[in-house]
Chemist: 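Sharing a structure with you now.
What you see is a predicted model, and the numbers here were worked out from it, not measured in a lab. First the proteins, then the strands, lettered A, B, ... as listed; each starts at 1.
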Number of protein chains: 2
Amino acid sequence: MPASDPDDIASLAHAVRISCMRVARRVRFDADNTVAPHLFSVLARLAEEPRTVGELACIEKVSAPSMSRAVAQLVEPGLVERHSDEHDGRLVRLSLTDAGREVVRTERARRDAWMTERLEGLSAEERDVLRRATAILESVVDL
Amino acid sequence: MPASDPDDIASLAHAVRISCMRVARRVRFDADNTVAPHLFSVLARLAEEPRTVGELACIEKVSAPSMSRAVAQLVEPGLVERHSDEHDGRLVRLSLTDAGREVVRTERARRDAWMTERLEGLSAEERDVLRRATAILESVVDL
DNA sequence: ACAGGTCGTTGCGTTGGCTAATGAGATAAA
DNA sequence: TTTATCTCATTAGCCAACGCAACGACCTGT
């Protein structure tokens with residue numbers, strides 16, 4: 001049986017990649033963002049847990065100076081707080097303010113709304129396929 | 001039956017969105033690109049079929065001037081050709097050169113390689129789920 | 001105490017995005 | 001046919017985000 005046909009897997013890989021990239025693209029575009037995409041990305045990271053500038057720069061794959069500026073833009077409107085580390089004066093601990101958490105919450109709701117709207121047009125079977133697919137994709141990415 | 005449970009759809013929407021965005025993110029970061037991302041995106045569109053500057057700008061959701069510059073950057077190294085339209089002198093028909101097609105081919109191979117590698121670890125059933133899921137996602141995005 | 005390393009910030013050049021304005025060509029009306 | 005208008009692509013000029021280089025502040029090891 002052709003279950004492991006290499007060519008088949010390659011074409012599937014292409015299809016999966018294209019689909020995911022298109023979805024991500026649409027989500028980013030359709031959301032007329034309150035916060036700039038790269039700034040929201042930082043907020044989302046800080047929503048997980050407090051971090052330093054260097055950690056954020058590494059996670060977001062940008063240089064330390066770029067992240068430093070991004071953080072400054074989030075501190076200015078009061079979405080992020082700076083705290084100096086007790087044991088190491090060089091470090092700047094960053095965390096969300098209540099306002100920052102609220103921005104993350106509403107922005108996520110808006111992004112999910114776009115997808116929800118489109119999924120409502122699907123059949124129960126199609127949604128079940130997607131449900132199983134997301135579980136598989138998560139395991140693949142986490143790898 | 002709970003097939004249309006609104007809450008269920010919302011949580012699925014969130015899961016789908018997150019999965020797709022994570023995959024897209026990983027693909028973008030892991031590929032140390034030969035061609036800049038926004039330029040490759042244009043090449044990929046032209047690989048589908050020849051288009052005009054305006055069409056590309058619309059598809060890629062950028063302004064006409066931005067697309068004009070991007071096209072110029074692709075024409076300069078000989079990846080894209082300009083042809084004036086026979087019936088309408090204002091239009092600039094754009095198409096890939098052989099070199100352009102080669103760039104698309106190798107770049108896609110490199111991007112797909114990451115995904116292929118991970119999909120090889122899956123079972124035939126899991127791959128089938130992904131195959132059906134991509135078809136569904138395409139229809140959802142095209143909507 | 002001091003030399004070297006790390007963390008964050010600032011200065012500067014590059015690049016891609018936008019809007020406004022321009023030029024070339026099509027199109028419709030007088 | 002001539003003129004006005006509209007469309008497409010490009011140019012000009014500005015802004016935002018990035019990276020690199022350089023710096024100041026602060027730890028760490030000798």
Side-chain angles (χ1 to χ4, degrees), chain A residues 21 24-46 49-77 79-96, chain B residues 24-25 28-46 49-77 79-96 107:
Chain A
M21 292 182 74
R25 184 186 185 81
R26 287 294 293 266
V27 169
R28 255 180 301 137
F29 280 152
D30 284 17
D32 40 3
N33 306 305
T34 289
V35 201
H38 71 288
L39 293 182
F40 178 73
S41 194
V42 173
L43 286 182
R45 290 301 181 180
L46 291 177
E49 59 177 319
R51 303 184 193 272
T52 67
V53 171
E55 287 167 354
L56 287 172
C58 184
I59 293 170
E60 295 294 313
K61 300 278 200 302
V62 297
S63 66
S66 295
M67 185 52 67
S68 182
R69 293 175 204 282
V71 166
Q73 287 177 302
L74 292 168
V75 169
E76 194 268 329
L79 303 178
V80 167
E81 278 177 341
R82 297 177 203 260
H83 307 278
S84 34
D85 188 284
E86 303 175 16
H87 306 299
D88 189 338
R90 296 168 303 178
L91 300 180
V92 178
R93 297 276 164 200
L94 301 165
S95 60
L96 292 187
Chain B
R25 183 186 187 82
R28 249 181 305 140
F29 281 154
D30 285 13
D32 42 2
N33 306 303
T34 287
V35 196
H38 70 288
L39 294 183
F40 178 74
S41 193
V42 173
L43 286 183
R45 291 301 182 178
L46 291 177
E49 58 177 320
R51 301 186 194 271
T52 67
V53 171
E55 287 168 353
L56 287 172
C58 184
I59 293 170
E60 295 295 312
K61 300 277 202 303
V62 297
S63 67
S66 295
M67 184 52 66
S68 184
R69 274 217 302 230
V71 166
Q73 288 177 301
L74 293 168
V75 169
E76 194 267 328
L79 303 178
V80 167
E81 278 177 342
R82 298 179 204 258
H83 307 279
S84 33
D85 187 285
E86 303 175 14
H87 305 300
D88 189 337
R90 297 168 302 178
L91 300 180
V92 177
R93 298 276 164 201
L94 301 165
S95 60
L96 292 187
E107 185 69 20

Chemist: Counting heavy atoms not belonging to A:Glu49, are there more than 12 under 6.0 Å from its CD?
Modeler: yes
Chemist: Using only heavy-atom distances, decide whether a donor-acceptor pair under 3.5 angstrom links the side-chain of A:Arg51 to the base of C:dG8.
Modeler: no
Chemist: How far apart are the closest heavy atoms of A:Arg51 and A:Leu46, and which atoms are they?
Modeler: N-CD2, 3.7 Å
Chemist: Starting at CG of A:Leu91 and ending at C1' of C:dT6, how long is that distance when rounded to a whole Å?
Modeler: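 In whole Å, C:dT6 C1' lies 9 Å from A:Leu91 CG.
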Chemist: May I ask you to evaluate whether A:Ser68 reaches the phosphate of C:dG8, defined as a side-chain N or O under 4.0 Å from OP1 or OP2?
Modeler: no
Chemist: Side chains of B:Leu94 and B:Leu56, heavy atoms from C-beta outward: is any pair under 4.5 Å?
Modeler: yes
Chemist: So, the side chain of A:Glu76 versus the backbone of A:Gln73: is there a donor-acceptor pair under 3.5 Å, distance only?
Modeler: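 Not at all, since once roles are kept as given, no pair shorter than 3.5 Å links the two residues.
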Chemist: Between C1' on C:dT15 and CG on B:Leu39, what's the gap in Å once rounded to a whole number?
Modeler: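 Going from CG in B:Leu39 over to C1' in C:dT15 covers 11 Å.
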Chemist: At under 4.0 Å between heavy atoms, what does A:Gln73 touch on the DNA or RNA strands: base, sugar-phosphate, or nothing?
Modeler: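 A:Gln73: backbone/sugar contact only, no base atoms under 4.0 Å.
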Chemist: If each of A:His38 and A:Gly89 is mapped to the nucleotide of DNA chain D with the nearest heavy atom, which maps nearer the 5' terminus, i.e. the 5' end?
Modeler: A:His38
Chemist: Considering every strand and a 4.0 Å limit on heavy-atom distances, what is the contact class for B:Arg93: base, sugar-phosphate, or nothing?
Modeler: nothing
Chemist: If you only use heavy atoms from C-beta on, which nucleotide in D:dA9, C:dT6, C:dG25 is closest to the side chain of A:Arg90?
Modeler: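 That would be C:dT6.
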Chemist: Taking atom P of C:dC18 as reference, at what distance in whole Å does atom CD of B:Glu60 sit?
Modeler: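 One finds 12 Å between P of C:dC18 and CD of B:Glu60, rounded.
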Chemist: For D:dG19, does OP1 or OP2 lie under 4.0 Å from any side-chain N or O of A:Ser66?
Modeler: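 Yes, such a contact exists.
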Chemist: Select from B:Arg69 and B:Glu55 the residue whose nearest nucleotide in DNA chain D is closer to the 5' end of that strand.
Modeler: B:Glu55
Chemist: Scan B:Val71 against the nucleic acid and name what it touches under 4.0 Å (heavy atoms): base, sugar-phosphate only, or nothing.
Modeler: nothing
